[in-house]
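Sharing a structure with you now.
Count residues from 1 along the sequence.
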Amino acid sequence: MLVVAAFAGGVVAAVEEKEAGPISPEVCRDCHPAEFRAWRRSDHFQSMRVADNDAVLGDFSDVRVTFHGIESRFFRAGDEYRVETVGASGERCVFDVRYTFGWRPLQQYLLDAGNSRLQAFDVAWDDRAVAQGGQRWFHLQPDEAITPGHPFFWTGHAMHWGSQCAACHSTHVTKSVDASGRTNTAYAAANVTCEACHGDAAAHLRHAANGTTGSVPHAGFADGPSPPIAWHLAPGGRIATPDKAGDSREIDQCGGCHALRMPLGADAQGKPFHDAYRIELVGDVHYFPDGQIREEVFVLGSFLQSRMHAQGVTCGNCHDPHSGNLVAEGNGVCGQCHHAASYDVPTHHHHAAGTPGSACIDCHMPARTYMGVDPRRDHAFPIPRPSLSAELGVPNACTGCHEGRSDAWAQEKLRDWGVAEKEHWARLSQRLHRGDPAAADALYALVAGDTPPMVKASLLAQAAALPSHKVRALLELGLRDSEPLVRRGAVAGAQGQPPAERWQLLAPRVHDAVASVRFETALALADIVPALPAKALAATHDLFAEQRRLLEPTADLAETQRMLANLEDRLGQSAAARAAFGRALTIDPTSVPALIDYADFLQREGQEREAGELLTRAISVAPDSPIANVAYGLHLVRSGRRDEALAPLAKAAATPDASARFLYIHAVAQHSLGHHAAALETLRDGIERWPWDPNLLSTLVIYLDDPQSPETQRHLETLAELGPELLHIRALLDRYGIIR
């Protein structure tokens with residue numbers, strides 16, 4: 001039965017409900033009635049449902065709302081729910097509501113956007129109570145003009161059910177490509193059912209019918225939950241300790257959907273998480289510099305930073321796996337392990353009982369609101385550090401709750417209470433970001449210690465910015481780590497190594513036991529393929545072939561096609577790269593990363609005009625993007641329009657998330673146009689932010705051209721400290737007679 005259709009690669013892709021279907025949860029109810037009742041109350045049950053009277057919560061009584069100049073009308077035609085609004089072409093049309101998506105605190109609706117393409121509408125229903133501001137229609141992005149052609153307009157790739165949402169909102173989602181090139185997406189059940197977590201239940205049912213479930217591993221399922229850990233609180237103790245080491249099986253079950261990650265391969269069921277997925281590391285895009293959540297990261301990346309995860313705590317210690325609800329009320333969840341007489345008292349939290357601030361989560365799980373009305377809690381369990389807020393601009397729970405109060409006020413309060421702020425790895429992360437070569441020793445000590453693997457991995461990946469000779473011993477340590485996540489971070493950090501040293505470090509990881517480590521190794525080696533010896537090329541042949549296979553299940557994503565295009569480009573497969581870039585921009589014409597990378601490819605192929613057209617599109621889609629402005633500015637320089645180039649280059653250099661490279665490019669452009677003083681100031685500004693960047697330092701020395709200047713001498717000493725590994729730095733040191 002044809003249910004909906006998805007759009008991928010420029011073709012309509014049928015989505016069918018499996019004729020055989022899954023094992024119905026109704027069958028499971030016979031033996032597991034309590035679990036079934038809990039599931040029926042869960043977010044999993046409500047993840048995606050046919051839009052009928054039981055599922056739809058929004059007001060479809062011929063209601064009209066207007067957002068971004070677009071009026072949308074919500075109404076019914078008999079038993080059908082419909083929306084009249086503007087479609088991709090800009091024309092008003094009526095669209096059928098096929099499914100509900102979620103239920104609290106908001107509910108989205110999946111519309112048939114034409115040719116049975118299923119898209120998530122960007123106007124959602126706020127299901128909170130009226131007293132909380134709910135029972136209304138609202139736009140998911142109220143502060144940005146979302147109209148046809150915008151990346152987040154509801155008919156676009158970012159709102160496409162099949163490629164963006166289906167894998168986690170439905171059960172046993174599979175994709176295949178038919179003879180016509182259509183990508184067909186099928187699901188066994190629209191919502192998240194028993195088999196989504198437990199796997200195929202057919203063998204279990206056979207054993208249940210025969211009374212033999214107790215005689216087979218995991219009662220007939222391919223895998224099962226971890227044996228529970230018993231937590232013991234010693235007499236007079238403050239925190240419970242586990243009776244044994246935990247394992248990762250519960251994380252493996254939950255993490256696939258509750259993480260910001262990329263699937264590796266088609267079948268994740270029963271696999272260890274890092275063998276099935278490549279999780280996003282902690283960086284300054286999705287996380288604040290101290291690892292607190294910034295963008296939506298879906299819990300696991302935060303939890304893997306926590307001390308509780310390191311001690312063996314898993315999802316089921318706090319959440320009932322079938323209802324998703326907490327296993328106890330209020331502070332009782334934490335009180336399972338943290339002695340209430342020590343922690344659930346004003347002498348610890350310094351707030352009156354029952355008031356805001358007395359709940360553990362108020363201070364240690366601060367919430368950020370996503371999708372307009374949905375507050376989600378940070379599962380890294382951070383400790384408020386107002387001094388870190390003052391230094392790095394990260395949030396803290398104290399001033400987050402006490403609006404209008406300063407970080408200095410919060411610091412003073414902590415001092416009054418006798419609470420000492422402990423050191424945090426965020427300061428080391430900032431040193432790495434600034435390129436401080438002395439940070440290598442501090443990072444070595446951290447990697448050798450008991451810091452959570454997610455933190456180790458993220459910091460190791462940043463080590464690529466340090467002088468290569470400073471971090472080799474550090475990378476060797478990380479590459480030998482028993483945790484695959486740490487090895488993967490060390491592989492990413494090795495990308496700063498020269499080709500010969502990089503191959504020497506990474507050769508053993510070509511055959512790593514874990515797919516995410518091998519995937520990262522392929523990324524790190526692809527750009528040095530021309531420099532690899534013949535023996536190394538033979539060893540990496542299967543590695544790159546595997547990377548292509550691991551990307552296949554997400555081939556309907558523009559980002560996947562961009563990654564594939566860059567891989568083929570680095571491997572010298574120009575035709576394959578060009579084709580993949582084309583597929584990426586067919587899937588999502590507004591993909592800024594694909595536009596920029598394809599433009600760079602075309603420029604190197606001698607097609608400057610075509611590259612400029614793509615970069616003009618990128619600027620129109622994302623006018624404030626620093627990387628788009630730099631790329632466009634460089635195109636203008638190459639096209640002989642150097643005066644025009646200064647504006648986009650200056651814009652890129654001025655953004656908060658600019659890189660040292662952007663300021664270097666801007667300064668060079670200024671100098672080439674005779675703006676000597678302005679170029680010096682740009683370089684000085686850059687060096688203040690990145691004091692050890694070799695390009696900024698060496699360029700300023702050259703532009704100053706004054707060997708007696710204290711400023712010149714200071715920067716030459718820094719360059720000598722970095723090591724004369726780069727030829728232009730070595731030549732500069734020789735020119736000024738600096739002894740190394």
_Tell me if a side-chain donor or acceptor on Ser42 pairs with a main-chain N or O of Phe45 at a distance below 3.5 Å._
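Answer holds: yes.
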ask   = Roughly how far, to the nearest 0.5 Å, is OG of Ser47 from CG of Asn191?
value =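 Here the interatomic distance stands at 5.0 Å.
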Distance col, row Leu595:CG vs Ile627:CD1, nearest 0.5 angstrom, shows 12.0 Å
Closest non-hydrogen atoms of Phe101 and Cys165, given as atom of the first, atom of the second and distance, are CZ-CB, 3.4 Å
Review point. Do Phe74 and Phe60 make the cut of ring centroids closer than 6.0 angstrom?
Key: yes
Can a donor-acceptor pair be found between the side chains of Glu608 and His635 at a distance below 3.5 Å? yes
What do you reckon, are the aromatic ring centroids of His172 and Tyr187 less than 6.0 Å apart?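 They do not qualify: ring centres at least 6.0 Å apart.
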Please check if any side-chain donor atom of Trp125 sits under 3.5 Å from a side-chain acceptor atom of Asp59, or the reverse.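 Side chains of Trp125 and Asp59: no pair found under 3.5 Å.
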**Study point:** Identified side-chain contact (heavy atoms from CB on, under 4.5 Å) counterpart of Asp127 within the set Gln135, Arg136, Gln132
**Key:**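 The option that passes is Gln135.
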List for me each residue that meets side chain to side chain donor-acceptor pair (under 3.5 Å) alongside Asn53, sequence neighbours excluded, and say none if there are none.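 Side chain to side chain donor-acceptor pair (under 3.5 Å) check on Asn53 returns Arg76, Tyr81.
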Notebook entry, point to check: Is there a donor-acceptor pair under 3.5 Å between the side chain of Asp79 and the backbone N or O of Asp52?
Noted result: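 Here the side-chain-to-backbone pair does not exist.
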Quiz item: Any sub-3.5 Å donor-acceptor pair from Arg583's side-chain atoms to Asp556's backbone N or O?
Solution: no
- Might you point out which heavy atoms bring Asp252 and Phe273 nearest each other, and give the distance in Å?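 Here Asp252 and Phe273 meet closest at OD1-N, 2.9 Å.
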Checklist entry - Does the ring of Phe581 carry Arg578 above it, NZ/CZ under 6.0 angstrom from centre and within 45° of its axis? => result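 The answer is no, since Arg578 fails at least one limit relative to Phe581.
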task: Could you grab the distance from atom CG of Leu564 to atom CZ of Arg548, nearest 0.5 Å is fine?
output: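 Going from CG on Leu564 over to CZ on Arg548, the span is 7.5 Å.
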Mind checking whether Ile665 and Leu634 have side chains closer than 4.5 Å, heavy atoms only?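 The answer is yes, as the side chains (C-beta and beyond) meet within the 4.5 Å cut-off.
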Any donor-acceptor pair under 3.5 Å linking the side chain of Gln305 with the backbone of His379? no
Ignoring hydrogens, what is the shortest heavy-atom contact between Leu550 and Leu264? Give both atom names and the distance.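 What the structure gives for the nearest pair is CD2-C, 3.8 Å.
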Salt bridge present between Asp62 and Arg73 (N-O < 4.0 angstrom): yes
ask   = Just by distance, do the side chain of His44 and the backbone of Trp39 share a donor-acceptor pair under 3.5 Å?
value = no
- Task: Check side-chain contact (heavy atoms from CB on, under 4.5 Å) between Ala167 and all other residues, then give those that pass, not counting sequence neighbours.
- Result: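 Result, side-chain contact (heavy atoms from CB on, under 4.5 Å) vs Ala167: none returned.
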| query | Salt bridge or not for Glu280 and Arg261, using N-O below 4.0 Å? | reply |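 Salt bridge between Glu280 and Arg261, a charged N being under 4.0 Å from a carboxylate O: no.
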Flag side-chain contact, heavy atom, 4.5 Å: Ser72 against Glu84: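 With C-beta onward as the side chain, the pair stays apart.
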Please say whether more than 12 non-hydrogen atoms of neighbouring residues, nucleotides or ligands are located less than 6.0 Å from CZ in Arg661.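 No, the 6.0 Å shell around CZ holds no more than 12 heavy atoms from other groups.
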Side-chain donor/acceptor of Gln107 to backbone N/O of Gly102, under 3.5 Å |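 Yes; at least one donor-acceptor contact below 3.5 Å.
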Is it true that a side-chain atom of Ser625 and a backbone atom of Ala622 form a donor plus acceptor pair closer than 3.5 Å?
no
Between the CZ atom in Arg82 and the CG atom in Asp112, the distance rounded to the nearest 0.5 Å is 11.0 Å
Is there a side-chain contact between Pro148 and Val86 in this structure, where contact means two heavy atoms from C-beta onward sitting under 4.5 Å apart?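 Pro148 reaches Val86 side chain to side chain.
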So which heavy atom on His274 is nearest to which on Val514, and how close?
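His274 and Val514 have their closest heavy atoms at O-CG1, 3.1 Å.
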Decide whether Glu71 and Thr85 meet the rule of one side-chain donor and one side-chain acceptor closer than 3.5 Å.
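No - no donor-acceptor pair under 3.5 Å links their side chains.
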query = Does Phe152 offer a backbone N or O that forms a donor-acceptor pair with the side chain of His150 under 3.5 Å?
reply = yes
Practice item. Begin with the C-alpha distance, continue with both residues' side-chain angles, and end with the deciding distance and a verdict on side-chain hydrogen bond (donor to acceptor under 3.5 Å, both in side chains) for Asp290 and Gln292. Key: CA-CA 6 Å; Asp290 64 343; Gln292 291 189 71; 2.8 Å; yes
| field | Heavy-atom closest contact (Leu585 atom, Ser591 atom, distance) | value |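 So the minimum-distance heavy-atom pair works out to CD2-O, 4.1 Å.
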- Task: Measure from the ring center of Trp137 to the ring center of Phe121 and say whether it is less than 6.0 Å.
- Result: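 That pair fails the under 6.0 Å test.
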Checklist entry - Hey, would you say the His309 and Phe303 ring centroids sit under 6.0 Å apart? => result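 Yes, close enough.
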**Prompt:** Can you check whether Phe153 reaches Ile70 side chain to side chain, under 4.5 Å on heavy atoms?
**Reply:**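 When only atoms from C-beta onward are counted, Ile70 and Phe153 do touch, with a gap below 4.5 Å.
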For Leu551, does its backbone N or O pair with a side-chain atom of Thr560 as donor and acceptor, under 3.5 Å?
no
Inset, instruction - Applying salt bridge (charged side-chain N to carboxylate O under 4.0 Å, His left out), run through Asp624 and Lys651 and close with a yes or a no. - result: CA-CA 8 Å; Asp624 296 325; Lys651 188 173 185 178; 3.3 Å; yes
Between Tyr109 and Trp154, is the ring pair (Phe, Tyr, Trp, His ring centres under 6.0 Å) condition met? List the steps. CA-CA 11 Å; Tyr109 298 92; Trp154 75 272; over 10 Å; no
Query raised in the report: Hey, are the side chains of Arg294 and Pro289 touching, using non-hydrogen atoms and a 4.5 Å cut-off?
Result: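 Yes, their side chains come closer than 4.5 Å.
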Checklist entry - Is a side-chain donor or acceptor of Thr171 paired with a backbone partner of Thr193 at a separation under 3.5 angstrom? => result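 A pair under 3.5 Å: yes.
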Output for pair (Phe298 CZ, Leu260 CG), nearest 0.5 Å, gives 6.5 Å
- Starting at CG of Asp374, measure out to CZ of Arg368 and round the result to the nearest 0.5 Å.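 Taking CG in Asp374 and CZ in Arg368, the distance rounds to 13.0 Å.
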- prompt: How far apart are the closest heavy atoms of Leu118 and His160, and which atoms are they?
  reply: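 That closest heavy-atom pairing would be O-CD2, 3.6 Å.
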One pair to check against side chain to side chain contact (heavy atoms under 4.5 Å, CB included): Glu295 and Tyr287. What are the steps and the verdict? CA-CA 7 Å; Glu295 304 298 334; Tyr287 297 86; over 6 Å; no
pair Ser516-Asp275: side-chain heavy atoms closer than 4.5 Å
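Result no, sub-4.5 Å side-chain heavy-atom pair not found.
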Run the salt bridge (charged side-chain N to carboxylate O under 4.0 Å, His left out) check on Asp597 and Arg562 step by step: do they pass?
CA-CA 8 Å; Asp597 287 357; Arg562 184 185 75 90; 2.5 Å; yes
